[in-house]
Amino acid sequence: MNLSYNNLLSAFSLALDVQEYKNMGHARRVAYVSLRISEMLGFDEEEKKKVYYSALLHDIGKGDIYEDFYTEEWWKHADRGSKIVLKLPFGENFSEIIRYHHENYDGSGHFKLKGDEIPLGAQIVFISDQFDIRYTSLSHKEREYNIRENLKECVETNIGKMFNPLVSKALLELMKQEKFWLDYKFFDIKSILNKIEPKDTIPIGIDELENIAEAFADIIDTRSRFTYEHSRGISNLAYQMAKVLGYDEETSRKIRVAGLLHDLGKLAVPNSILDKPGKLTEEEFMVMKSHVYYTKIILKEIGGIDEIAEWAANHHEKLDGSGYPEGLRGYEMGDIDKHIAVCDIFQALTEDRPYRKGMSTKEAIRIIEKEVKNGKLNGESLEILKKVVF
């Protein structure tokens with residue numbers, strides 16, 4: 001299969017943006033500023049690509065709830081992100097930029113790199129990141145003119161301290177252009193990027209697709225100590241069921257990918273809900289239900305894997321139409337949708353959660369049997385699951 005590399009990384013940036021709805025569009029705006037600075041500095045196409053893709057993914061390591069970004073441990077997300085992207089095609093090209101994208105030019109950053117020791121791409125992403133963070137923090141407090149003056153002063157004050165002088169000069173020149181500001185603030189930044197971003201389409205085999213899914217799963221499962229490895233558990237169950245059903249190896253591995261990606265939308269759910277030690281209120285459950293909606297939106301952003309997107313996102317639908325988010329009925333669901341739905345419930349019941357210990361296999365199967373009798377889950381899927389777990 002052939003996938004747009006831009007769409008793939010854009011989907012990652014969207015996944016990062018929906019994390020509890022914080023600073024929507026941040027990654028794409030940072031990518032826009034970084035690309036424009038790269039153009040100002042006369043980078044060739046390959047160097048511009050490295051900077052652009054690094055900017056889209058610069059916060060890919062920010063999934064870990066154990067990290068307090070307001071302590072000296074804030075740097076860990078950059079280090080973690082540099083490892084996650086190695087699972088992506090060509091990720092080795094921008095891993096180092098992500099690792100060092102918070103280093104200060106004067107050597108006062110965590111890794112103590114100074115000046116030209118810091119990759120130039122990392123210095124571009126850093127100033128672009130700080131630009132967007134400051135703009136966003138001021139946007140609801142100050143008038144546009146004052147924000148621009150504040151940002152200009154911030155850049156000028158930190159030349160040679162936080163920021164590379166050459167990179168700073170390029171950004172200051174850009175800030176003189178009205179088009180730069182209008183593009184940056186445009187309500188649909190993706191449409192702006194579509195006009196200027198690199199255009200790469202890459203052949204993706206099943207091995208590469210699994211690596212990509214593993215990178216997504218790393219982001220998902222580190223959100224909560226109680227759901228860590230959940231995605232991998234689902235994917236393994238779904239793969240084993242597919243083999244019992246006689247699916248060919250490629251289809252079985254695509255099903256495994258869907259299992260890895262099925263909870264991608266949980267990035268939009270606050271940890272206060274994911275880790276709540278008790279029953280969710282109706283309002284909290286409303287928020288929880290949104291995760292499958294976001295799973296489908298993010299995966300369909302990639303294009304070319306719509307079948308996998310459906311399998312991944314329909315695991316909370318029920319045969320009688322009482323599921324979510326679309327209220328599909330059995331005849332509207334595919335067989336694989338039904339199989340993954342059963343896998344998800346079994347895996348969830350047998351895992352430890354904040355409010356209970358994981359059940360035994362027999363206890364979990366009994367609960368699923370009741371759901372089958374009530375017309376909510378597929379009986380054939382349950383029988384295949386039994387062959388796998390017993």
Side-chain angles (χ1 to χ4, degrees), residues 13 16-41 51-52 54-62 67-78 81 97-98 100-111 118-190 192-193:
S13 73
L16 299 175
D17 277 348
V18 302
Q19 290 195 66
E20 301 185 31
Y21 313 104
K22 292 178 180 176
N23 201 359
M24 290 294 289
H26 171 68
R28 288 170 175 167
R29 291 192 299 272
V30 172
Y32 170 76
V33 178
S34 296
L35 185 56
R36 293 297 311 277
I37 292 174
S38 299
E39 291 170 345
M40 291 288 290
L41 294 175
V51 172
Y52 178 72
S54 301
L56 275 178
L57 301 181
H58 72 282
D59 279 342
I60 196 171
K62 270 193 175 179
E67 177 180 311
D68 181 355
F69 293 106
Y70 298 99
T71 72
E72 67 277 5
E73 293 191 338
W74 56 266
W75 60 272
K76 286 186 176 179
H77 79 279
I97 294 178
I98 290 174
Y100 298 121
H101 81 271
H102 274 294
E103 288 299 279
N104 292 325
Y105 187 76
D106 63 5
S108 61
H110 172 79
F111 294 103
I118 308 167
L120 185 55
Q123 298 182 61
I124 292 171
V125 174
F126 179 43
I127 199 171
S128 303
D129 183 42
Q130 296 303 305
F131 177 94
D132 186 65
I133 290 171
R134 182 171 288 267
Y135 186 98
T136 302
S137 68
L138 294 172
S139 61
H140 300 299
K141 306 173 187 175
E142 298 283 350
R143 296 168 61 183
E144 178 67 16
Y145 178 84
N146 293 337
I147 294 173
R148 296 187 188 187
E149 290 299 304
N150 184 296
L151 284 165
K152 180 182 176 184
E153 181 182 356
C154 173
V155 173
E156 290 175 340
T157 301
N158 284 289
I159 292 175
K161 298 174 185 177
M162 293 176 67
F163 306 137
N164 177 308
L166 186 65
V167 174
S168 301
K169 181 180 177 181
L171 179 56
L172 289 169
E173 284 299 312
L174 278 172
M175 290 165 66
K176 295 176 182 177
Q177 300 176 10
E178 194 63 26
K179 182 180 186 300
F180 167 79
W181 291 103
L182 296 174
D183 279 348
Y184 168 77
K185 297 191 306 169
F186 194 64
F187 72 94
D188 182 9
I189 187 65
K190 189 173 187 299
I192 299 296
L193 287 174

Hey, could you give me the [atom1]/[atom2] distance between [X] and [Y], rounded to the nearest 0.5 Å?
X	Y	atom1	atom2	answer
Leu174	Glu39	CG	CD	8.5 Å
Asn150	Ile147	CG	CD1	8.0 Å
Asn158	Ile127	CG	CD1	8.5 Å
Phe187	Ile192	CZ	CD1	9.0 Å
Phe163	Asp106	CZ	CG	11.0 Å
Asn164	Ile118	CG	CD1	8.0 Å

More than 12 foreign heavy atoms under 6.0 Å from [atom1] of [X]: is that the case here?
X	atom1	value
Lys190	NZ	yes
Lys152	NZ	no
Arg148	CZ	yes

Using side-chain hydrogen bond (donor to acceptor under 3.5 Å, both in side chains), reason through Tyr135 and Glu144 one step at a time and then give a plain yes or no. CA-CA 9 Å; Tyr135 186 98; Glu144 178 67 16; 2.6 Å; yes
Do Tyr32 and Arg36 get their side chains close enough for a donor-acceptor pair, meaning under 3.5 Å?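 Indeed, the side chains of Tyr32 and Arg36 share at least one donor-acceptor pair under 3.5 Å.
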Are side-chain N/O atoms of Asp129 and His58 paired as donor and acceptor at under 3.5 Å? yes
Measure the shortest side-chain to side-chain distance between His101 and Asp59 over non-hydrogen atoms and say whether it is less than 4.5 angstrom.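 A side-chain contact under 4.5 Å exists here.
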I'd like to check Phe111 versus Glu103 (side-chain heavy atoms, cut-off strictly below 4.5 Å). Are they in contact? yes
Between [X] and [Y] (side chain of the first, backbone of the second, donor and acceptor by atom type, cut-off under 3.5 Å), is there such a pair?
X	Y	value
Ser34	Ala31	no
Gln123	Tyr105	no
Thr157	Cys154	no
Arg29	Met24	yes
Asn104	Lys161	no

Atom of [X], atom of [Y] and distance for their closest heavy-atom approach:
X	Y	value
Asp132	Val30	CB-CG2, 4.0 Å
Asp17	Gly25	OD2-N, 2.9 Å
Gly121	Val51	CA-CG2, 3.9 Å
Lys141	Ser137	CE-O, 3.3 Å
Arg28	Ser13	NE-OG, 3.5 Å
Ser54	Val125	CB-CG2, 4.3 Å

Validation row, ring centre Trp181 to ring centre Phe131 under 6.0 Å: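 Yes, ring centres under 6.0 Å apart.
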My understanding is that only one of Lys185, Met175, Glu173 makes a side chain to side chain contact (heavy atoms under 4.5 Å, CB included) with Phe180; could you say which?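 In the set Lys185, Met175, Glu173, the residue that makes a side chain to side chain contact (heavy atoms under 4.5 Å, CB included) with Phe180 is Met175.
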